[in-house]
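Chain naming here is simple, since letters A, B, ... match the order of the sequence lines and numbering starts at 1 in each.
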Amino acid sequence: MSEEKKSLNFIEQIIEDDLNNGYNKEQLKFRFPPEPNGFLHIGHASSICLNFGLGLKYNAPVNLRFDDTNPIKEEKAYVNAIKKDVEWLGFKWAKECYASDYFQQLYDWAVELIKQGSAYVDSQSSEAIAAQKGTPTEPGQSSPYRERPITENLELFEAMKNGETPPRAHVLRAKIDMSSPNMLMRDPVMYRCLHEPHHRTGNDWHIYPMYDWAHGESDFIEQVSHSFCTLEFQPHRELYNWFVEKVSHEGELLPKQREFARRNLSHTVVSKRKLLRLVEENIVNSWDDPRMPTISGLRRRGFTAASIRNFANDIGIGKRENMIDVSRLEFSAREDLNKTTPRVMAVLNPLKLIITNYPEDKTEQLTAENNPEDPESGSRQIPFSREIYIEQEDFREEANRKFFRLKLGKEVRLKNAYIIKAEKAIKDDNGNIIEVHCTYDEDSKSGSGTEASKRKVKGTLHWVSVPHAIPAEVRLYDRLFTVEDPTAHKEKDFLDFVNPKSLEVITAQVEPSLKTAKALEKFQFQRIGYFCVDQDSSESNLVFNRTVTLRDSWKNK
RNA sequence: UGGCCUAUAGUGUAACUGGCAACACGUCUGGUUUUGGUCCAGAAGAGUCUAGGUUCGAGCCCUAGUAGGCCAACCA
């Protein structure tokens, strides 16, 4: 009954404080503002869950706004991929917006700033402007064009807009303070001239606004109340406020920018630039390669939207540097998959086992539970016969008593089937075990209720009947990098740390019920891990991706 | 010769206006189990970067250090 009183993170605290200090709940509005220059990754998932989560919590609208002010790097294809990812994560945006929707308004406001004497056209090179900018510890110097007459600025700016000036010949700069301790306040560039077509406005514009000029104004136009971004934008806040104040009037709601720490995930990189390199240099096959920490890669790998949302919510939000271990993400995957995934049997590294006292031409249908975590999931029939595959690592000629599997002279249960005893190991000329002969206890059939069926044995193995088994390609994925933070070494390139074994492809033998499994369907291969049918899969060539292994408290001992 | 931000178990977050540091993951025990999974029970693990100060009392407030991060794209 009583709502559990969960502690607020600092972002929620800010909102609560604002609500207590004059904001109306109806004024709350948020936005998620990706630049369409790459695919969304797990770091963005945190931001998405933060903003849309806030929208849900306060019943406030959340816009999806594409920050498309740089036509050189942005593409329509990315817009579509981003929309798909946000939807897949389970969120609905109030409005689909684009910074490019506001190009005309931004231009009109820029003209106003020029008229006020708050902006001027600078005709120096990029290098000259940079040189005059000073350093964090030394003040900058004024551009020789800083005092250009307003009428001249107006004329030039219009010429720039009309494409009558060469690309990059001029820029429009805000006139603020060349000696500010904040480098961003030293007359920042508002517009640059680019004769490049834009994915939405085509060739309409020859000047494009810079991030600082476009972002806050877009928030203001949409009447976003809280604009959340990552920590590196903190110094931009002063500029953000300066621009918004310039175009707003007394009594209007001004958006406020607040910053949170980006989430870093261990054993991977969370930067669009670096992910792009992985794709371009063919370290991975695509943006949605299951090894990529992109939303699309995680989806293909078999992560559920719920597991990603839970992960984002559980790790929370903060302001300090952080490195979250991938094992935390893997936990979220197992937690969700355990409850929702049907169990099946698949043998990754097959070893043939022959039950010598089982009739040669006999096949039985045995009953197997689909998911012990979900009573509603029912059961299915699986074929059993004289020859079955078991996992190579499940048999040893000799082993200590900690080995709860099959060894010569000892018994073990075949899941959903019979208790067997290993009698003999058949080897090839090199001494490799190629076949195991064993006998079964006919009275021990699972679920038969006999005394023999209730006997306790050391272990239970999964298996697949040889004549009924279906071969399947299984892609075993591992972490993409061998170290926690591949970017931590200044002397080395992060690609030096790529894990050469991040992908291993094998042919497994799986139970026949999997024959019709469709792309994105998820299963637990019992005793092994969670697997997801890849988009490359077909009935004649099944392909599974390993999402994550089962937790294994034995392996490390 | 600067400005801004941050500092709590191995990791990530908590601790409402100051009241003997909590939760999750991980680790370790034990139990249940036809998955060495799940589930259940329990344990270890920080005295909150350091030094001062205010206070009856400070992780929370103040001061000074220290450490880390960010800031000099016509990128976002």
task = Determine the contact category for Gln124(A): base if any of its heavy atoms lies under 4.0 Å from a base atom, sugar-phosphate if only primed atoms, P, OP1 or OP2 are that close, otherwise nothing.
result = base
request  = Check every strand shown and say whether Ser125(A) touches a base, only sugar-phosphate, or nothing at a heavy-atom separation below 4.0 Å.
outcome  = base
query = Considering only heavy atoms, which members of residues 170-188 of chain A lie under 4.0 Å from some atom of RNA chain B?
reply = Val171(A), Pro181(A), Met183(A)
ask   = On a whole-Å scale, what distance lies between the C1' atoms belonging to U1(B) and C60(B)?
value = 34 Å
query = Base, sugar-phosphate, or nothing: which does Asn70(A) touch, judged by heavy atoms less than 4.0 Å apart?
reply = sugar-phosphate
task = Determine the contact category for Phe331(A): base if any of its heavy atoms lies under 4.0 Å from a base atom, sugar-phosphate if only primed atoms, P, OP1 or OP2 are that close, otherwise nothing.
result = sugar-phosphate
ask   = Can you list the stems that include RNA chain B, where a stem is three or more consecutive Watson-Crick or G-U pairs with distances under 3.5 Å?
value = B:2-7 with B:66-71, B:10-13 with B:22-25, B:27-31 with B:39-43, B:49-53 with B:61-65
inquiry  = Nearest to the Phe233(A) side chain among C74(B), A72(B), A76(B), which nucleotide is it?
reply    = A76(B)
message = So Arg263(A), base contact, sugar-phosphate only, or nothing? Heavy-atom distance under 4.0 Å.
response = sugar-phosphate
ask   = Quick one: on RNA chain B, does Ser446(A) or Val189(A) contact a more 5' nucleotide (nearest heavy atom)?
value = Ser446(A)
query = Trp554(A) stacking on G36(B): centroids under 5.5 Å, ring planes under 30°?
reply = yes
Side chains of Arg343(A) and His462(A), donor plus acceptor under 3.5 Å = no
ask   = Base, sugar-phosphate alone, or nothing: which one does Pro139(A) contact when heavy atoms must sit under 4.0 Å apart?
value = nothing
query = Within the structure shown, what part of the strands sits under 4.0 Å from Gln526(A) by heavy-atom distance: base, sugar-phosphate, or nothing?
reply = base
